[in-house]
Visitor: 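The structure is given below, and queries will be raised subsequently.
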Amino acid sequence: MKIAVLLRAVPDPVEELELDGEDLDRDFLGYVLNEFDDHALEEALLIKDEDGGTVVVYALGTADEVEQMLHTAIAKGADSGQILGEDLDPIDAHGQAAAFAEAISGEAFDLVLTGVQASDEIDGQVAMLVAAELGLPHVSVVIGTAPSDGAIRVTKEYWAGITADYDVRLPAVLGIQTAREAPRYVAVARIRQAQESGALEEVHIDQPDNGSGITITEMRLPEEGEGAQMIDGDETAAAERVLEILQSAGVR
Amino acid sequence: MAQDILVYVEHLGGEVTDATYELIATARTLAGETGGSVDAAVIGTGAADLASSLTGADRILVADTDALGAFNPQGHAEIFTSLVEERDPAVTLVPYTSVGMDVGNHVAAATAQPLVSYCLKVDVSDGLTATCQLYAGKVEADVEVEGDRAVFAMLAGAGSADDGRSGGAGAVENVDAVVGDLAVTFVGLAEPEAGDVDITAEDILVAVGRGIESEDNIEEAQELADALGAALAASRPIIDQGWLPKTRQVGKSGLSVTPKVYIALGISGAPEHLEGMRDSTTIIAVNSDPQAPIFGVAHYGWSGDLFDFIPELTDLLEG
Ligand SMILES: Cc1cc2nc3c(=O)[nH]c(=O)nc-3n(C[C@H](O)[C@H](O)[C@H](O)COP(=O)(O)OP(=O)(O)OC[C@H]3O[C@@H](n4cnc5c(N)ncnc54)[C@H](O)[C@@H]3O)c2cc1C
Ligand SMILES: Nc1ncnc2c1ncn2[C@@H]1O[C@H](COP(=O)(O)O)[C@@H](O)[C@H]1O
């Protein structure tokens, strides 16, 4: 099985976001691997562990931004990686999908895995858009796979823990929500080895010209503590106040 | 004709989901503006039966077929796409759910219409505009659609399901339910196994999120829960790491809970989490980030370190 995994660096969800009109103020923003992509990578590596094959990781951006993320993926077991479009202007999910489709279309992948969603694009989910670009079947919100000959059985999560199984003909694109196992860790020493392995290459991609058809006119932060009555003071004050709240809620 | 609002009817096990009625409520408001009708497309197994009980839509387009199983991402999407092509609605609404995600993206790509995701609100009064959430609810964005057609994927809670339900029955119209050769085949459904604790039946829930940092720290939260006579629940990442069983997950793909008191510790308040707990009677949130969206739905909040807070409250309760 030959598997492509699309990895995306997103603004660190733990950081406070500053806005700059229609976008984030990105100057001091830290980026981390989108959590669902970590699961997409894990699922790909699990398939490789069981059935053999190769895993190639892709990311859009400059080497600065995405190298570390791709080296980590290679250290975990991906065979090689590609950095696409060093010099691209920022693009939305449609543009990203077009860029990935261009990069992977000639590579005869059996499977393309992405994270189910990234929280920083309004114009749709890249998995399905890549599938549309390549004319491949897709399933999103996948929480497990089991490859068989020429097909793959996937488990899709609906809600309230209800799931459904599907058989999907290959090649196909899957949006991974959760891998069968928690994403593996990798020692820093292995990441250093990966950095020296030369398994990462930069590839030129033309600026995609397909737009999303939507424009962001304003971004704002929801009002701080809009709904909540904020408790002042240190943790002792907070605990005392919470006890009072529990009492007035009738549970103490 | 072209001023109509088309709603994708999500259903499972012979029941239309609340998410669908939320869409119908939004569609009613929009149709009031455009002067068009609210059309609801019911596709798949039992569609004809569902159509007879569906309320709130003016017209119900029924594509009844057993060939697709409970839900087929490709089959349902293809039938819905042909309806969008044929009816050419001004606005197409899908729920931002596991089902809606497959259908919405597909139909938008296939009809070359813009797709607007994470929508809280759609407006048709001055072109097509919407308000959406980005960065897991940390940012709100206003967007403008180029052109006069789009697909909107609506977040849970964007409309009121009760309002949607409250309308009358619609006129039923049968439509073709033909699909070509499908690369995706439905195999079967699985219901979750019952857990040791039913978090939907608890009066008090202590819920932990990624702020708890490691599996070892779960014990500290459990001690607080014990001191409170509460059960421990969690956001999705805690479950995905395997630190607590799936039956403890609150939110979109977990359970919806409405305890008397919900204490959220180190949970950011992503829309997928909020939809499972926002109707709790009293919500108390502790988060080190004063901007965390959880404070938007909490009744009481403390901005600080949960590792300082947990032992204080546990001691106070035990002491
Ligand atoms: C289809 C789909 C379905 C989903 N279903 C669900 C679902 O059912 N339930 C669910 O929960 N999520 C669900 N999610 C995931 C959801 O999008 C978020 O990723 C998730 O809710 C985030 O969990 P979190 O708040 O624990 O983590 P984070 O968003 O990482 O937040 C951690 C928070 O902890 C705070 N923090 C860190 N350290 C401390 C400290 N020492 N003291 C105090 N605060 C601290 C941080 O400020 C941050 O706000 C779903 C996603 C998708 C795509
Ligand atoms: N710029 C990108 N670089 C790499 N992968 C991406 C990029 N954009 C989207 N993806 C993949 O598509 C998934 C869904 O993102 P989105 O569709 O933007 O919600 C991500 O989790 C990634 O797996």
Side-chain angles (χ1 to χ4, degrees), chain A residues 11 13-14 16-17 19 35 119-120 122-125 128-129 132 137-141 153 156-169 172 178 182 212-222 224-231 235-236 238-240 242-243 245-246 249-251, chain B residues 70 73-74 98 101-102 105-106 108-109 114-118 132 134-136 138-147 183-192 203-204 240-242 246 252-253 255 260-261 282 284 289-291 293 295-302 304 308-309 312-313 316:
Chain A
V14 173
E16 289 192 20
L17 301 176
L19 295 180
E35 62 174 306
S119 62
D120 59 348
I122 285 180
D123 65 317
Q125 278 59 56
M128 279 75 95
L129 296 172
H138 68 79
V139 180
S140 71
V141 199
R153 170 134 329 162
K156 173 182 172 78
E157 189 168 67
Y158 288 149
W159 45 76
I162 302 172
T163 61
D165 281 354
Y166 297 94
D167 282 334
V168 185
R169 206 187 292 151
T178 308
S212 64
I214 58 184
T215 313
I216 293 178
T217 51
E218 192 196 305
M219 268 198 200
R220 58 184 167 268
L221 300 176
E224 209 169 286
E226 202 170 39
Q229 215 183 84
M230 297 306 281
I231 303 169
E235 59 272 17
T236 314
E240 281 164 2
V242 167
L243 187 56
I245 297 164
L246 293 169
V251 295
Chain B
Q74 188 185 6
S98 176
M101 229 187 270
D102 275 325
N105 280 276
H106 183 102
L115 172 66
V116 190
S117 266
Y118 309 118
C132 304
L134 277 170
Y135 305 103
K138 282 186 134 187
V139 171
E140 260 179 36
D142 291 333
V143 310
E144 249 171 47
V145 174
E146 292 154 26
V184 180
T185 327
F186 175 80
V187 178
L189 271 188
E191 300 277 342
D203 275 349
I204 317 177
D240 286 351
Q241 292 293 330
K246 184 80 184 168
K252 189 184 206 73
S253 44
L255 294 163
K260 288 187 182 145
V261 177
T282 300
I284 305 169
D289 173 7
Q291 284 185 340
F295 292 128
V297 303
H299 303 95
Y300 302 94
W302 184 63
D308 293 333
F309 175 81
E312 274 303 313
L313 184 58
L316 202 57

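Residue numbers begin at 1 in each chain, while the letters A, B, ... track the order of the sequences.
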Visitor: What's the separation between atom OG in B:Ser98 and atom CD1 in A:Ile162, rounded to the nearest 0.5 Å?
Guide: 10.5 Å
Visitor: For A:Ser212, is it the side chain, the backbone, both or neither that has a heavy atom under 4.5 Å from a heavy atom of chain B?
Guide: backbone
Visitor: Supply the atom-to-atom distance B:Asp142 CG to A:Ile216 CD1, rounded to the nearest 0.5 angstrom.
Guide: 9.5 Å
Visitor: Side chain from CB out, backbone as N, CA, C, O: work out which of these in B:Leu189 comes under 4.5 Å of a heavy atom of chain A, or both, or neither.
Guide: both
Visitor: Out of curiosity, B:Thr185 OG1 to A:Asp165 CG, how far, rounded to the nearest 0.5 Å?
Guide: 12.0 Å
Visitor: So for B:Ile204, is it side chain, backbone, both, or neither that comes closer than 4.5 Å to the heavy atoms of chain A?
Guide: side chain
Visitor: Between B:Gln74, B:Met101, B:Glu191, who has the most heavy-atom pairs with chain A when the cutoff is under 4.5 Å?
Guide: B:Met101
Visitor: Which atoms of B:Val184 come close to chain A, meaning under 4.5 Å heavy atom to heavy atom: side chain ones, backbone ones, both, or neither?
Guide: both
Visitor: Which answer fits B:Ala108, side chain, backbone, both or neither, if we ask what part of it has an atom under 4.5 Å from a heavy atom of chain A?
Guide: neither
Visitor: At their closest point, which heavy atom of A:Leu221 faces which heavy atom of B:Lys138, and how far apart are they?
Guide: CD2-O, 3.7 Å
Visitor: Nearest 0.5 angstrom please: B:Glu146 CD to A:Ile214 CD1, how far?
Guide: 9.0 Å
Visitor: With a 4.5 Å cut-off on heavy-atom pairs, point out which of B:Cys132, B:Ser253, B:Ala141, B:Pro114 contacts chain A the most.
Guide: B:Ser253
Visitor: Below 4.5 Å, heavy-atom pairs only: which of B:Asp289, B:Val297, B:Leu316, B:Thr282 has the largest tally toward chain A?
Guide: B:Leu316
Visitor: Looking at B:Lys260, I'd like to know if its NZ atom is crowded, meaning that more than 12 non-hydrogen atoms belonging to other residues, nucleotides or ligands lie closer than 6.0 Å.
Guide: no
Visitor: Kindly give the heavy-atom pair with the smallest separation between B:Leu313 and A:Leu243, and that separation in Å.
Guide: CD1-N, 4.5 Å
Visitor: Which of the residues A:Val168, A:Ile122, A:Val141, A:Thr217 is involved in the greatest number of heavy-atom pairs with chain B at under 4.5 angstrom?
Guide: A:Ile122
Visitor: Working to the nearest 0.5 angstrom, can you tell me the gap between B:Phe309 CZ and A:Ile231 CD1?
Guide: 7.0 Å
Visitor: Could you state the interatomic distance from OG1 (A:Thr236) to CD (B:Glu312), rounded to the nearest 0.5 Å?
Guide: 3.5 Å
Visitor: Can you tell which part of A:Ile245 gets under 4.5 Å to a heavy atom of chain B, answering side chain, backbone, both or neither?
Guide: side chain
Visitor: Where do B:Leu115 and A:Gly124 come nearest, in terms of heavy atoms and distance?
Guide: CD2-CA, 3.5 Å
Visitor: Only pairs of heavy atoms separated by less than 4.5 Å count here; which of A:Ala132, A:Ala239, A:Ala164 has the most with chain B?
Guide: A:Ala239
Visitor: Under a 4.5 Å cut-off applied to non-hydrogen side-chain atoms, are B:Trp302 and A:Val242 in contact?
Guide: no
Visitor: Of the backbone (N, CA, C, O) and the side chain (C-beta and beyond), which part of A:Glu240 lies under 4.5 Å from a heavy atom of chain B, both, or neither?
Guide: both
Visitor: Select, from A:Ala182, A:Pro137, A:Ala160, the one with the greatest count of heavy-atom pairs under 4.5 Å involving chain B.
Guide: A:Ala160
Visitor: Under 30°, 30 to 60°, or over 60°: which ring-plane class applies to A:Tyr166 and B:Phe186, parallel, tilted or perpendicular?
Guide: perpendicular
Visitor: What residues form a side chain to side chain donor-acceptor pair (under 3.5 Å) with A:Thr178, not counting sequence neighbours?
Guide: B:Arg236, B:Asp240
Visitor: Would a distance-only check, ignoring hydrogens and angles, find a side-chain to backbone donor-acceptor pair under 3.5 Å from B:Asn105 to A:Gln125?
Guide: yes
Visitor: Assess the side chains of A:Ser140 and B:Asp102: does a donor N or O sit below 3.5 Å from an acceptor N or O?
Guide: yes
Visitor: According to side chain to side chain donor-acceptor pair (under 3.5 Å), who are the partners of B:Tyr300, at least two apart in sequence or on a separate chain?
Guide: none
